[in-house]
Each structure stands twice: as structure tokens, then as C-alpha cells.
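The structure appears right after this line, and notes come after that.
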Amino acid sequence: GTEQQFNKEVNFAILAMMNAPYLVDCATRYPEHFIEAIKSVALTGLTLNPELRMAYLVPYKGKVKFQSSYMGKAEILIRAGVVKFIEAQLVYSSDKFDVIKGTESNIMHRPDYFSKDRGDIVGGYWVAILPNGLKQFDVMPVSRIDEIKQRSEAFKSGKDCPWLSDYAEMAKKTIINWAFKSLPKSNISESTLKVLETENAFENEEFEDWKKSTKSQEVDKFDEAQIIE
């Protein structure tokens, strides 16, 4: 973009670092990863503006990484013409929610926005309108969302991260990521796809680390059981 746009993003990056000093440590140790994260902001056309919540700088294994939000992913899909409309919604225990699958697939969600307490989050769903007018949707239980949260290196670090400050937004992003895998990507630019592939790569690496840690915990429990016996 323009020099003015660049300077704005630099200021947003500085603000993010000031609000999360751990990011400064990560950027100092691995400046090349910090630079790549800033490049990713430019290549996707998203912004680090905290009010728009389209993208974040997050810590991952001591390095600064770029991470798009659910609104950022939705913006990319709409801008590329992959969908005319897409959104993710969370479902709470007091909401009326029903799903029908089959030849007459349908989804019904009646949230009580004026209730003082809508209860706990029980899951969420995404719905998209394709350029030809067809609708697609699917649902995800909260157990699946929390499983993905637990894999997050940023969350496991115990430092400031979007999972702690914006759980609802991250839950929606998790749902949109799932939708992203089901939708065509032919109109998305190659540079944007490369950024998203990199983002998915470190999310997949988190998954592998999480699986290893889970197996390790299971082995430890087995050893403890043998000792008790």
C-alpha cells in the first residue's frame, strides 16, 4: 500500500508490542521471524488495527508469528469472491438451536440477545453464501474448539494471547478455519495463500506437539499405575 498505510501498520505493531512485552523478547531473539510476520500483514492486505481485530502478532516457540482472525479470514474470502457472505456464530446453552442434515439441510439458531446470562458456550457454526446463491454450513462442538485452544503454543506459554483476551473471536476463527478447508480457493492470490499455508503449518505443528505431549502424559500415567500395583 501507500507509505501512509505502512506507517499506520508500524504504529499498530508497536502498540501490540507495548501491550505484550513478551513479543519484544521474541522479536529481539528472532528478528527475521518478526519481519516475516509484518510482511504477512502486507501480503494479505489485512491490518493489525486492534479495533478491527483482523490480524494479530502472536508468540510461537519464542518467535513472533502472524495470525489472522476469523474476521480477517472472512475478509480474504469475500474480497477474493470465493463467497458473497460468510460468518461464524457461537451457540450458548440457553439458545434455541437445531440442525437438519440431508437433502433439505437447514440450521435454526434463536439467541436471546437480551438475556442477562445466555449460559455457557456449547459450540458454534459457520454459514456461507456462495456466488451462485447456494448456502453451506456446518457445526462444531465446544469440546473441539477447546481442544484446538489447548494445542496453541501462545496459550500454553501463559503469556498474553488472543485465546485469553478474545476467546469468542478465536473460537469463531477456529470455526472459519474449518470452513476455509471446505471452500474453493482458486481466486485467492498466490501470495495470500502462501501466508495462510505458513499460518496453517505452525498450527499443524502445534497439533503434532500437542499429540506428543498427550502421549507422554498417557505413558506417565501408565508408569504410575505400574508403580502403584
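As the structure is a prediction and not an experimental result, all values here were calculated from the model.
I35 meets the side chain to side chain contact (heavy atoms under 4.5 Å, CB included) test with K39; sequence neighbours excluded. For the side chain to side chain contact (heavy atoms under 4.5 Å, CB included) test, no residue two or more places apart in sequence or in another chain qualifies with P131.
Within the 4.5 Å cutoff, the side chain of R118 has no heavy atoms near those of the S93 side chain. Residues I121 and Y167 are in side-chain contact: their nearest non-hydrogen atoms beyond the backbone lie under 4.5 Å apart. Proximity of R53 to D166: side-chain heavy atoms (C-beta onward) are separated by under 4.5 Å at one or more points. Looking only at side-chain heavy atoms (C-beta outward), F12 and L52 stay at 4.5 Å or farther from each other. Counting only heavy atoms from C-beta outward, the side chains of F66 and L46 approach each other to under 4.5 Å. With a 4.5 Å cut-off on side-chain heavy atoms, Q67 and K173 count as touching.
For K101 and F137, the positive end sits near the middle of the six-membered ring, less than 6.0 Å away and at most 45° from its axis. Remark: K63 is not positioned above the aromatic ring of F34, lacking an NZ or CZ atom under 6.0 angstrom from the ring centre and at most 45 degrees off the axis.
For the pair S94 and G119, the tightest heavy-atom approach, listed with the atom from each and the gap, is OG-N, 4.2 Å.
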Carefully, step by step, assess Y92 and D120 under the rule side chain to side chain contact (heavy atoms under 4.5 Å, CB included). CA-CA 5 Å; Y92 293 78; D120 298 326; over 6 Å; no
Begin with the C-alpha distance, continue with both residues' side-chain angles, and end with the deciding distance and a verdict on side chain to side chain contact (heavy atoms under 4.5 Å, CB included) for L90 and I175. CA-CA 9 Å; L90 298 179; I175 296 167; 4.0 Å; yes
So E190 and K194, salt bridge (charged side-chain N to carboxylate O under 4.0 Å, His left out) or not? Walk me through it. CA-CA 6 Å; E190 186 176 341; K194 283 183 178 179; 3.6 Å; yes
I would like to know whether E147 and R144 meet salt bridge (charged side-chain N to carboxylate O under 4.0 Å, His left out); could you show each step before the answer? CA-CA 5 Å; E147 182 182 293; R144 176 67 173 151; 2.9 Å; yes
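T47 and E9 are linked by a side-chain donor-acceptor pair at a separation below 3.5 angstrom, with hydrogens and angles left out of the test.
A donor-acceptor pair is defined here as one N or O able to donate and one able to accept, closer than 3.5 Å; no such pair exists between the side chain of S115 and the backbone of D112.
Taking OG from S68 and CE from M54, the interatomic distance works out to 11.0 Å, rounded to the nearest 0.5 Å. Note: L15 CG to M17 CE = 11.5 Å, rounded to the nearest 0.5 Å. Separation of atoms CZ (R29) and CG (D25) is listed at 6.0 Å; rounding is to 0.5 Å.
Below 30°, between 30° and 60°, or above 60°: for H33 and Y30 the angle between ring planes is above 60°, a perpendicular geometry.
Of the listed residues (Q136, Q89, K172), just one forms a side-chain contact (heavy atoms from CB on, under 4.5 Å) with W126, and that residue is Q136.
A salt bridge does not link D95 to R110: none of the charged side-chain nitrogens sits closer than 4.0 Å to a carboxylate oxygen.
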